[in-house]
Q: 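Sharing a structure with you now.
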Amino acid sequence: MKLIHLATCLLALVCSTSANAQEKVFKAGAATSNITPPLGMEIVGNFAPRPIAAHVHDELHARCLVLDDGETKLAFVVADTISLGRDVWDEAKEKIEAATGIPRSNMMFSGTHTHSSVSAITNKDPSLDYRRLIISRVVDGVRRAVNNLEPAKIAWGAGKVPQHVFNRRWKLKEGMTNANPFGGLDRAVMNPGGTVRMKLAGPAGPTNPEVFCLSVQATDGRQIALMANYWLHYVGGVTRDHLSADYFGEFCRMIEMKLAAGPEHPPVVGLLANGPCGDVNNNDYSGKTPAVKREPYEKIKIVAGDLAAEVLRVRETLKHADWVPLKAAVADLELGVRRPTPEMIEWAKAVLAKPKNAAEVHRLEQPYAERTLAARDAKPDTVSCVMQAFRIGDLGIASIPFEVFTEIGLEIKAKSPFANTFTIELANGSNGYLPTPPQHDLGGYETWLGTNRVEREASVKITAKILELLAKVK
C-alpha cells in the first residue's frame, strides 16, 4: 500500500510539474497597419505657413507588438505621427479592450515624432477625418497582433550609436543673453546659428548614445518583431510637401527586409520608439563636424542605416529566454497648467495689435502672443497625464506623454530598480516639452510658454511617479 501511495504521489507531482510547464508558455504576435493620411491635408510640425501634403514619399504605419506570459498580456504600438492627444489613444484602447480583453492599463501607444505627418484632430470634411482613420487602423493592428500570437522567446540588450546625437540647447557665455519672443532674455538657445555661435559656452544638457533592443523570436528562431528605443528627434531633410515616416520608418524597413521570413509566416515587424530627446537632435553645433550638403532623405538613410546595423549586431549577441514574467502599472498624474503672468498678457495684446508692417522684436512674437492668450484661457487648471511602467523579465520600460529632456530619462535609468531600463516619450498623449526646473531658469524654445504647457516642477513629479511605478512592477 505504501508503494502504491508513493507512486500515486510521484505521478501527481509529475503531472503538476508538467501542467505548470505547460502553463508557462510565452507568446508573441506582431502586425503593421498603414496609417498614411490622404493627400491635401496640412503637414504639421513647423510654424506657419505650413505645406499641404502633395506626395507620399514613404507610407506611415502603426507597428504593433503583443506579448503574453500566460497570465498577462502587454500591447505596444508605435505610430508614425508627430504626436497624438490622450483622447485619441484612450478611444483606441477602449475599443481594443472590448475586442481582445487586454486591459487598457497594459497598453502603451506612442508617436515617433516625424515632422512629416498630419494632425489627428477631427476635420469638418469627413474624407479628411484622420482621427477616425488612425484609431480604426490601430485597433485593427493590435487585434491582428493578437491573432498572430504564437509560442515565442525574448531577449534584450543595448548597443551604442553616439555619432548622431547632439544636445541642441546651448548655454551662452557668462553675461550674454539672447532675445525671446516675449520681450525677455534667455541664457540658452536652441539650434544656435549665425552670430549667436560667438556667444556659446557649451551644451546645456547631456545626450544618450545607447540604442536599446528588444528581440522577439518564434521558437524556431524566426524573428517575430524587433523593437528599438533611440533618444534622437526626427532627422528631417524631407521634401517640404512630402509625407514621410522619417528615419523611424527607414529603420523599420531595413530591419524587416534583413530579417524577413517566408510568405507562409506573418511578416516580421520592426518598431522604433522614441526615447527622451526633447533637447537632442542630429546637428552638431560645436563646429567639430564638417558641414555637408545633403540630398533630400540622404541623412535619414545614414542615421537609419547606422542604427539598424548596431541593433542587428546586438541581436546576434543575445540569448533568448523561453519565458519571462510580464507586469504593468499605470497612474494618472495631475499637473498644473502653466499660466501667463499679467505682464505677458499685456505684451501679447500689444504684439497682436501691431500693424502688419510694424517691426518685430522677435520673428516668432506673433505665434507666441497667440499661444500666451490661449494659455490664459485654457480650461481646466490641471491636466491628467498617463504614467506607465512595464516589466518584461528583468527589463523595465517607462513611458511619459511629453517630449522629455534626455537628462530626465538618464535619471530614471540610474535610479530604476531594474538593471536595464529605457523610457519611451510621447506615449499615451502629448503635453508639450518637459524641461527640468534648472533648464527653465536658462530659458530657450523648449521652456517658452506655449511650447511648455505645464508647471515648472512637472519633471520632478513625473520622475518620482515613474520610479514609484517601476518599483511596483519589479
Q: Minimum heavy-atom separation for Val138 and Ala62, please, with both atom names.
A: CG2-CB, 3.9 Å
Q: Looking at Arg86, I'd like to know if its CZ atom is crowded, meaning that more than 12 non-hydrogen atoms belonging to other residues, nucleotides or ligands lie closer than 6.0 Å.
A: yes
Q: Apply side-chain hydrogen bond (donor to acceptor under 3.5 Å, both in side chains) to Glu446 and Asn452, showing your working.
A: CA-CA 6 Å; Glu446 299 87 350; Asn452 166 260; over 6 Å; no
Q: Have Arg144 and Ser33 got a donor and an acceptor in their side chains that come within less than 3.5 Å?
A: yes
Q: Would one find more than 12 heavy atoms of other residues, nucleotides or ligands at under 6.0 Å from atom NZ of Lys299?
A: yes
Q: Compare all side-chain heavy atoms of Lys153 with those of Ser215 and state whether any distance is below 4.5 angstrom.
A: no
Q: Between Thr114 and Asp246, does any side-chain donor sit less than 3.5 Å from a side-chain acceptor?
A: no
Q: Would you please say whether a donor-acceptor pair under 3.5 Å links the side chains of Asn283 and Asn191?
A: no
Q: Report yes if some heavy atom in the side chain of Glu403 is under 4.5 Å from a heavy atom in the side chain of Leu426; otherwise report no.
A: yes
Q: Taking C-beta and beyond as the side chain, do Glu457 and Pro437 meet within less than 4.5 Å on heavy atoms?
A: yes
Q: Below 6.0 angstrom between ring centroids: does that apply to His57 and His55?
A: no
Q: Counting the benzene-type ring for Trp, do Phe76 and Phe109 have ring centres under 6.0 Å apart?
A: no
Q: With side chains defined as the heavy atoms from C-beta onward, is the minimum distance between Tyr445 and Arg168 less than 4.5 Å?
A: yes
Q: Side-chain contact test, heavy atoms from C-beta onward, threshold under 4.5 Å: evaluate it for Ile43 versus Ser117 and give yes or no.
A: no
Q: Can Arg169 and Gln439 be counted as having a side-chain donor-acceptor contact under 3.5 angstrom?
A: yes
Q: Evaluate the side-chain proximity of Thr423 to Ile400: yes if any heavy-atom separation is below 4.5 Å, no if none is.
A: yes
Q: Counting only heavy atoms not in Asp394 (residues, nucleotides, ligands), do more than 12 fall under 6.0 Å from its CG?
A: no
Q: Is it the case that Lys413 places NZ or CZ above or below the six-membered ring of Phe422, under 6.0 angstrom from the centre and within 45 degrees of the axis?
A: no
Q: Will you find, in the side chains of His242 and Tyr297, an N or O donor that is under 3.5 Å from an N or O acceptor?
A: yes
Q: Run the side-chain hydrogen bond (donor to acceptor under 3.5 Å, both in side chains) check on Thr382 and Glu334 step by step: do they pass?
A: CA-CA 6 Å; Thr382 62; Glu334 293 290 329; 3.0 Å; yes
Q: Any side-chain donor-acceptor pair under 3.5 Å between Asn229 and Trp231?
A: yes
Q: Is a donor from one side chain sitting under 3.5 angstrom from an acceptor on the other, for Ser244 and Ser116?
A: no
Q: When the ring planes of Tyr433 and His233 are compared, do they come out parallel, tilted or perpendicular, using 30° and 60° as the limits?
A: parallel
Q: Indicate yes or no: does Lys160 engage Glu310 in a salt bridge with an N to O separation below 4.0 Å.
A: no
